[in-house]
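Working notes, beginning with the structure itself.
Everything numeric here is computed off the predicted structure, so don't read it as measured data.
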Amino acid sequence: MIESADTAGTTSRATAVPAPWTEPLPRPIDDTLLVPGETCWRIERADRHAVFVDAADYFATLKRAVLSAERRVLFIGWDFDPRIRLDPRTPGRAKDDRLGRVLERAVRDNPRLEIGVLQWDLGMVVALNRRMAPIVLLNRRTPDRLRFAVDMHHPVGGAHHQKIVVIDDCLAFAGGIDVTADRWDTSEHRDRHPLRHRPHTTRLRGPWHDVTSLVSGPAARALGDLARERWESGTGEHLEPVTDTEACWPEEVEPFLTDVDVAVSRTRPEHGGTELVHEIELLWLAVIAAARRTVYIETQYFANRRIAEAIADRLGEEDGPEFVVVNPRAADGWLESKAMDTARVKLLDLVRRADRHDRFRLLVPVTEGRRPVYVHAKVTCLDDRLLRIGSSNLNNRSMGLDTECDLSIEARTGDLREAELREAVLGMRHRLLGEHLGVAPEEVASAVEEHGGSLVRAVDALMRPTGRSLVPFEPPRLDPVERLLAETELLDAEHTPNRWRRVKRAFAGRRRRQRG
């Protein structure tokens, strides 16, 4: 393809919203985006596939899955906080619901079970700042079969940003939700939620939007391979696959899809003899080049110049696609704000100057009281063709400096279940937009249909001046230092070769063949 170079007491369930309307898009035969070795690492079948929107149900399901594990649980994370509660909506003693206690209980009750937690080493600086005991001390207090480790195998300035949990190599979570503080929230995103606070404090935290996915079967085994590779790289210990467990899908989780191919895409930096892997960046470029009508994006940042230039390129076309991007109002933390928010202002100006057909929106979700919702999700919906959920952001480091892991499903031309997958992609898009706009998914679908298939016009029509909604992002004025940071990309430099022209040519040829 590409030349190489909710309410208290509810049960946890995944999101499965049907789409009442699908986009009638003709497509060429050779329109596949997910190609192993290019835009993804592997494509494996998931017996079942689920999506968790926001962390409340995810954490509750994770707790039950860990307590049901038979042989091994591996946590691969950017951050990890054993003090957080996993299911605070259920009755019982708070301390018994804390992550650390749940892990200790799991290994105590099952003498065959081993649990490993691998965290980015500089994440421990964050842990110390939260007055959390270092992992070396946690190891002294926990059973031998519960191990905490830090991963120092990364380039200077890089991070291990993957968010993966693998259970018995037959069940795997992967997406954007870290198993740490400040992530728990329900999809209601109330202005004030009594359960939304950090461990051992009563100070309430702000609303937080996030997404992760769950797979079983061969797709879970693939993520198990990735997790064990990361464990060996970080600790030097080789782990064999778990092969003597039965299917372990949580009964309370309703699958989003069954028997579906799932692609695993990675970013792995060049370091210590390993070659650069930038499948995620190539998939981003392929998505933009292949888009026919709409690209919907949820991302923590909008700070990658190459992607912004590719979007601007497509916006300049007479019949190019629309782009709807959902962002937080501001990055979380001073350094992130200086690095990412300054870049966003410059790139937004670049994109808006190219948007002569008014097909681009950068929007921020707000609560009923108009409080900004922090967007940490990393989701892409390409037309009605592809759904990507992962850990990667739209910034430079996610493309080549940090380790990342994204999962995608694609509606392939000629597949017997193509129509079902197309409905699933649109259903998820409308589910997410409905959450942000405070309307039912069906209202989003109807608005798109009423506006001739235009997602931009539909969202414009559904936005409200009061209450829960999306609001346009208003860029702040940059001071001289901030302008310098934005121009030089000093805090978030590029780390990969530019493949945009090559990718664009490949998909432009496909579009010409389609029209012909």
### Message
Measuring centre to centre across the rings, with the benzene-like ring taken for any Trp, is His189 within less than 6.0 Å of His436?
### Response
no
#### Entry: Test of ring centre spacing under 6.0 Å for Trp78 and His160
no
side-chain hydrogen bond (donor to acceptor under 3.5 Å, both in side chains) partners for [X], two or more places apart:
X      : answer
Arg85  : Asp97
Arg464 : none
Asp261 : Arg45

### Query
Between Arg228 and Asp169, is there a side-chain N and carboxylate O pair less than 4.0 Å apart?
yes
### Salt bridge present between Arg108 and Glu104 (N-O < 4.0 angstrom)
no
Who pairs with [X] by salt bridge (Lys or Arg N to Asp or Glu O under 4.0 Å), at least two apart in sequence or on another chain?
X      : value
Asp168 : none
Asp178 : Lys163, Arg183
Arg388 : Asp406
Asp244 : Arg71, Arg112

### Message
Given the ring of Phe473, does Arg344 sit roughly above its face, with NZ or CZ under 6.0 Å from the centre of the six-membered ring and within 45° of the axis?
### Response
yes
### Query
Which class fits the ring pair Phe256 and His49: parallel under 30°, tilted 30 to 60°, perpendicular over 60°?
tilted
### Task
Any pair with a residue in residues 213-252 that passes ring pair (Phe, Tyr, Trp, His ring centres under 6.0 Å), sequence neighbours left out, goes on the list, sorted by first then second residue, please.
none
Residues in side-chain contact (heavy atoms from CB on, under 4.5 Å) contact with [X], at least two apart in sequence or another chain:
X      : result
Val366 : Arg329, Arg370, Val471
Val295 : Val287, Ala291, Ile297, Phe323, Thr380, Leu382
Thr212 : Phe52, Tyr58, Ile177

### Message
Run Thr367 and Asp191 through side chain to side chain donor-acceptor pair (under 3.5 Å) and show every step you take.
### Response
CA-CA 6 Å; Thr367 64; Asp191 286 274; 2.5 Å; yes
### Query
Can a donor-acceptor pair be found between the side chains of His209 and Glu298 at a distance below 3.5 Å?
yes
### Message
Between Gln162 and Ser391, do the side chains contain a donor N or O and an acceptor N or O under 3.5 Å apart?
### Response
no
### Task
Determine yes or no for a side-chain-to-main-chain donor-acceptor pair under 3.5 angstrom, with Thr32 supplying the side chain and Leu34 the backbone.
no
### Query
Can you find a pair of side-chain heavy atoms, one from Phe80 and one from Phe148, that are under 4.5 Å apart?
yes
List the atom pairs, donor and acceptor, that lie under 3.5 Å between side-chain atoms in residues 213-223 and the rest of the protein, sequence neighbours left out.
| from | atom 1 | to | atom 2 | distance (Å) |
| --- | --- | --- | --- | --- |
| Ser213 | OG | Ala174 | O | 2.7 |
| Ser216 | OG | Arg48 | N | 3.2 |

